[in-house]
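Written out below as structure tokens is the structure these notes cover.
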Amino acid sequence: PEEQNQPPAVRRDSVTLKRIKTAHPLLRDELLEIYNDILERGVGVRFTSVLRTFREQDNLYAQGRFGNPGGIVTYARGGQSYHNYGLAVDFCLLKSNGQVSWNRSEDLDRDGQSDWLEIASAFKLHGWEWGGDWSSFKDYPHVQKTFGYRTPRLLQLKAENRIDDDGYVVL
């Protein structure tokens, strides 16, 4: 009976580990540390999106617009998202059976706190901004660390070819 109260085991997610490697080089070590912190809390998480190409961003922007199916999921076109520079992460919960969940109230680790809020808290402890704290448009699965840069400046740096050998804007 006591074993039934134990939360399900949390495993490292190879998809998330692969996506961490696409983050801006200045964030990779910190992102891995945050990921490990989240796992140590007993919370399963998957990073669903880190780096996105401008084309991928434009395709997401087109969703729910211009006669395309689905609902609107972003207000940012290519170059206007911190994902385009490897400075943002979208996430969801990852259950022990491998299924994903976007249920913000789930408490899979059974500690009395929303797992979603535990994930957001882990990022915020490292100085990341959580989209759930925004006043205008709430973006609950989104966190970003901008180093004080706004996307027009990042786009300008990219246009000026101020990039490293892998194509990341030099900050």
Side-chain angles (χ1 to χ4, degrees), residues 12-35 37-38 44-94 98-104 115-117 119-171:
R12 293 174 69 78
D13 177 42
S14 61
V15 173
T16 294
L17 292 170
K18 184 176 178 184
R19 289 183 177 144
I20 287 171
K21 293 176 183 174
T22 70
H24 191 284
L26 292 178
L27 291 177
R28 289 178 193 161
D29 290 343
E30 180 175 275
L31 202 48
L32 184 58
E33 184 180 332
I34 294 168
Y35 178 62
D37 288 351
I38 293 167
V45 63
R46 170 164 288 167
F47 295 171
T48 58
S49 182
V50 180
L51 180 67
R52 256 188 233 140
T53 66
F54 285 23
R55 177 177 288 189
E56 289 168 331
Q57 189 68 39
D58 283 336
N59 289 341
L60 274 180
Y61 181 83
Q63 186 176 315
R65 295 182 177 92
F66 320 118
N68 292 313
I72 291 174
V73 294
T74 185
Y75 294 96
R77 294 177 185 260
Q80 299 174 339
S81 169
Y82 287 103
H83 285 286
N84 301 143
Y85 308 96
L87 301 174
V89 172
D90 288 345
F91 64 86
C92 67
L93 301 180
L94 185 61
Q99 297 294 310
V100 297
S101 170
W102 280 267
N103 181 341
R104 296 193 320 267
D115 292 345
W116 202 274
L117 294 179
I119 294 167
S121 171
F123 276 97
K124 287 162 68 171
L125 284 172
H126 288 266
W128 290 61
E129 179 184 346
W130 178 44
D133 289 333
W134 296 345
S135 54
S136 55
F137 166 67
K138 300 284 189 187
D139 193 354
Y140 293 102
H142 180 90
V143 290
Q144 62 190 32
K145 192 161 193 178
T146 66
F147 298 98
Y149 287 87
R150 307 204 39 96
T151 55
R153 179 65 179 141
L154 293 168
L155 185 59
Q156 180 185 15
L157 290 171
K158 191 169 181 77
E160 292 170 358
N161 209 29
R162 294 190 189 177
I163 55 175
D164 66 15
D165 291 342
D166 295 317
Y168 292 91
V169 172
V170 176
L171 303 177

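Side chains included, hydrogens not; waters and symmetry mates left out as well; all remaining heavy atoms used.
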Item checked: Sidechain-backbone polar pair: Lys145 side chain, His126 backbone, donor-acceptor under 3.5 Å -> yes
Check: Does any N or O in the side chain of Gln99 come within less than 3.5 Å of the main-chain N or O of Leu94, such that one atom is a donor and the other an acceptor?
Finding: no
Notebook entry, point to check: Mind checking what makes salt bridge (charged side-chain N to carboxylate O under 4.0 Å, His left out) contact with Lys124, not counting sequence neighbours?
Noted result: Asp133
Distance (rounded to the nearest 0.5 Å) between [X] [atom1] and [Y] [atom2]:
X      : Y      : atom1 : atom2 : answer
Leu17  : Leu31  : CG    : CG    : 10.0 Å
Phe137 : Ile72  : CZ    : CD1   : 9.5 Å
His142 : Tyr82  : NE2   : OH    : 8.5 Å
Tyr168 : Ile163 : OH    : CD1   : 11.5 Å
Asp115 : Ser101 : CG    : OG    : 9.0 Å
Leu32  : Arg28  : CG    : CZ    : 12.0 Å

Partners passing side-chain contact (heavy atoms from CB on, under 4.5 Å) against [X] (at least two apart in sequence or in another chain):
X      : value
Asn68  : Ala62, Phe66
Thr16  : Asp13, Ile20, Tyr35, Arg46, Phe47
Leu117 : Ser114, Trp130

Going by salt bridge (charged side-chain N to carboxylate O under 4.0 Å, His left out), name the pairs with one or both residues in [range], residues two or more places apart or in two chains.
range            : value
residues 82-92   : Arg52-Asp90
residues 57-82   : none
residues 159-171 : Glu160-Arg162

I need the minimum non-hydrogen distance between [X] and [Y], along with the two atoms involved.
X      : Y      : result
Leu51  : Gly86  : CD1-N, 3.6 Å
Gly79  : Tyr85  : O-OH, 2.8 Å
Tyr140 : Gly132 : CD2-CA, 3.7 Å

Only pairs under 3.5 Å count here: list side-chain donor-acceptor contacts from residues 146-155, not counting sequence neighbours, and write none if there are none.
{"residue": "Thr146", "atom": "OG1", "partner": "Gly148", "partner atom": "N", "Å": "3.3"}
{"residue": "Arg153", "atom": "NH1", "partner": "Gln156", "partner atom": "OE1", "Å": "2.9"}

Checklist line | Min side-chain heavy-atom separation Val143-Ile119 under 4.5 Å | finding: no
Margin query: Is there a side-chain contact between Leu87 and Gln144 in this structure, where contact means two heavy atoms from C-beta onward sitting under 4.5 Å apart?
Written below: no
If the condition is side-chain hydrogen bond (donor to acceptor under 3.5 Å, both in side chains), which residues does [X] pass it with, not counting sequence neighbours?
X      : result
Trp128 : Glu30
Asp139 : none
Trp134 : Glu129
Thr74  : Gln57

Next item on the list: Classify the angle between the aromatic ring planes of Trp116 and Phe91 as parallel (below 30°), tilted (30 to 60°) or perpendicular (above 60°).
Entry: tilted
Checklist line | Lys138, NZ: over 12 other non-hydrogen atoms inside 6.0 angstrom | finding: yes
